[in-house]
Amino acid sequence: MSNDKKFTIGGFSFDNYYEYRAAQEDVQKIEYINKELDVRDPEVAVRLYNDLRDGVITFNSPIGQQFAEHVADIVAHNSESMLDDRQLIKEAETQAKSQRTIGLVFVSLAVLIFGVYAAVEFKDVYKTRQIAKMAEQKQATLEAMEEEQTKRGVEEYIEPTITITPIVSADDVENSQVNNEEVADIRYNGAQSMLESPWNTAYNAEDLTMLAEFTELYRQNSDLVGWLEIVDTDINYPVMQTPSDPDFYLRRDFNGADDTNGTLYVDYRCDVINSTTNTIIYGHDMKSGKMFGGLKRYLDKDFLEKHKNITFTTIYEEREYEIVAVGLSKVGYNDDDSYKYYDFIDAADEKEYKEFIDNISSLKVSEKNVDISMTDKVLTLSTCNSYTEDGRLFVVAKRIK
């Protein structure tokens with residue numbers, strides 16, 4: 001996550017991600033202006049210069065400021081030819097008309113953009129509902145097959161929805177005169193010992209060395225706990241955590257200022273340094289694609305197949321995860337018995353872990369199996385989805401590095 005890679009546009013370098021994003025937005029504005037207007041035309045340059053001076057058009061980066069200076073140079077270069085009184089009078093007469101025309105253009109453009117957004121949103125909702133319906137039908141079919149199998153008492157093959165690595169001690173196997181199925185039952189009978197994972201650690205934060213790329217960002221805001229990146233999406237953001245105020249960044253930016261986009265943040269119950277069984281990161285499903293707006297792309301199996309890996313770098317170490325499930329769910333309330341995937345934080349025993357695996361298997365919409373070992377540490381990305389009221393889209397990944 002080097003600064004050269006993430007915070008550079010052309011010959012401009014930026015100290016942090018937010019300055020970098022501001023520069024990207026300015027580049028988009030400049031591209032639009034150059035596409036729609038001939039800034040070399042003196043009259044166009046004057047109108048554009050006035051809009052920049054009056055704050056109608058604003059830039060927030062050195063790239064934008066450079067473009068504004070370029071427009072000013074054009075105006076200055078052509079100032080002598082624009083001193084003719086008749087030209088000034090003509091410009092004054094047409095200014096009001098031009099502003100009205102520009103206003104109508106922008107209103108029409110806004111209506112068009114709104115219509116496009118509405119159409120895209122309707123298409124996304126319809127597609128997601130169809131995916132959810134097919135997943136429910138498949139799950140109902142599997143449950144019916146299992147019920148029929150139980151009634152008939154016949155051992156038949158059923159397509160597996162999960163792959164679980166058994167955890168049975170050598171003593172259990174040696175002391176039990178049972179077949180493999182009976183040994184499997186031993187795994188889930190009551191609470192058992194805490195699960196030992198190869199990713200279990202007992203670090204003290206004061207003994208760890210912060211990664212160099214985070215030192216400046218952490219100095220700016222000590223709520224920073226890491227950085228999440230998924231290639232081919234806009235998901236390339238800092239991740240925060242505020243245990244004393246869990247949803248502080250729900251509608252605040254990195255600096256704590258009000259922002260409808262919010263900032264990605266970790267569930268207050270999770271331990272990022274010494275990972276809990278499940279680390280949950282929340283983010284808004286923005287129509288612009290910002291924050292977790294790009295997660296809906298995982299509903300496309302081709303995209304999922306090509307983008308299985310997620311990088312979540314904590315401020316102390318880089319971690320890589322492989323996606324094992326993409327699912328749709330609803331918010332569960334205290335008075336119902338629906339499974340709440342976002343309440344699975346730290347597995348106390350194998351039975352609790354198996355319950356998590358079973359339930360995300362039933363909620364998944366992807367065709368691939370949920371391949372999780374009970375010693376895996378998992379990362380869950382959670383966001384809203386409008387396929388149903390209070391709908392949620394979640395992505396579950398297991399740590400591989």
| request: Tell me, with the steps shown, if I345 and I280 meet side-chain contact (heavy atoms from CB on, under 4.5 Å). | output: CA-CA 8 Å; I345 304 296; I280 306 176; 3.7 Å; yes
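Ion pairing between K340 and E355 fails under the 4.0 Å rule for side-chain N and carboxylate O. Residues K29 and E31 are not paired through a salt bridge, judged by the lack of any N-O separation under 4.0 Å between the basic side chain and the carboxylate.
Checking Y341 against S382 by side-chain atom types alone, a donor-acceptor pair falls below 3.5 Å. Looking only at atom types and distance, the side chain of T375 has a donor-acceptor partner in the side chain of S373 under 3.5 Å away. D376 and W199 share no donor-acceptor pair across their side chains, judged by distance under 3.5 Å alone. Using modelled atom types and a 3.5 Å distance limit, the side chains of T276 and D271 yield no donor-acceptor pair.
Counting only distance, with no hydrogens or angles, the side chain of H70 and the backbone of Q66 share no donor-acceptor pair below 3.5 Å. Between the side chain of S222 and the backbone N or O of Y218, no donor-acceptor pair lies under 3.5 Å. The backbone N or O of T279 lies less than 3.5 Å from no partner atom in the side chain of D267, so there is not a single donor-acceptor pair. Looking at E213, its side chain never comes within 3.5 Å of a backbone N or O of I315 through a donor-acceptor pair.
Looking at every heavy atom in both residues, M240 comes nearest to T263 through CG-CG2, 3.7 Å. Of all heavy-atom pairs between K377 and S197, the closest is CG-OG, 3.8 Å.
For an aromatic pair to be called close, the ring centres must be under 6.0 Å apart, and Y298 with F303 satisfies this. Aromatic ring centroids of Y316 and Y203 lie 6.0 Å or more apart.
Qualifying salt bridge (charged side-chain N to carboxylate O under 4.0 Å, His left out) partners for E19, counting only residues two or more places apart in sequence or in other chains: none.
Sequence neighbours left out, not one pair with a member in residues 238-254 passes salt bridge (charged side-chain N to carboxylate O under 4.0 Å, His left out).
Partner of K401 under the salt bridge (Lys or Arg N to Asp or Glu O under 4.0 Å) criterion, chosen from E322, E318, E320: E320.
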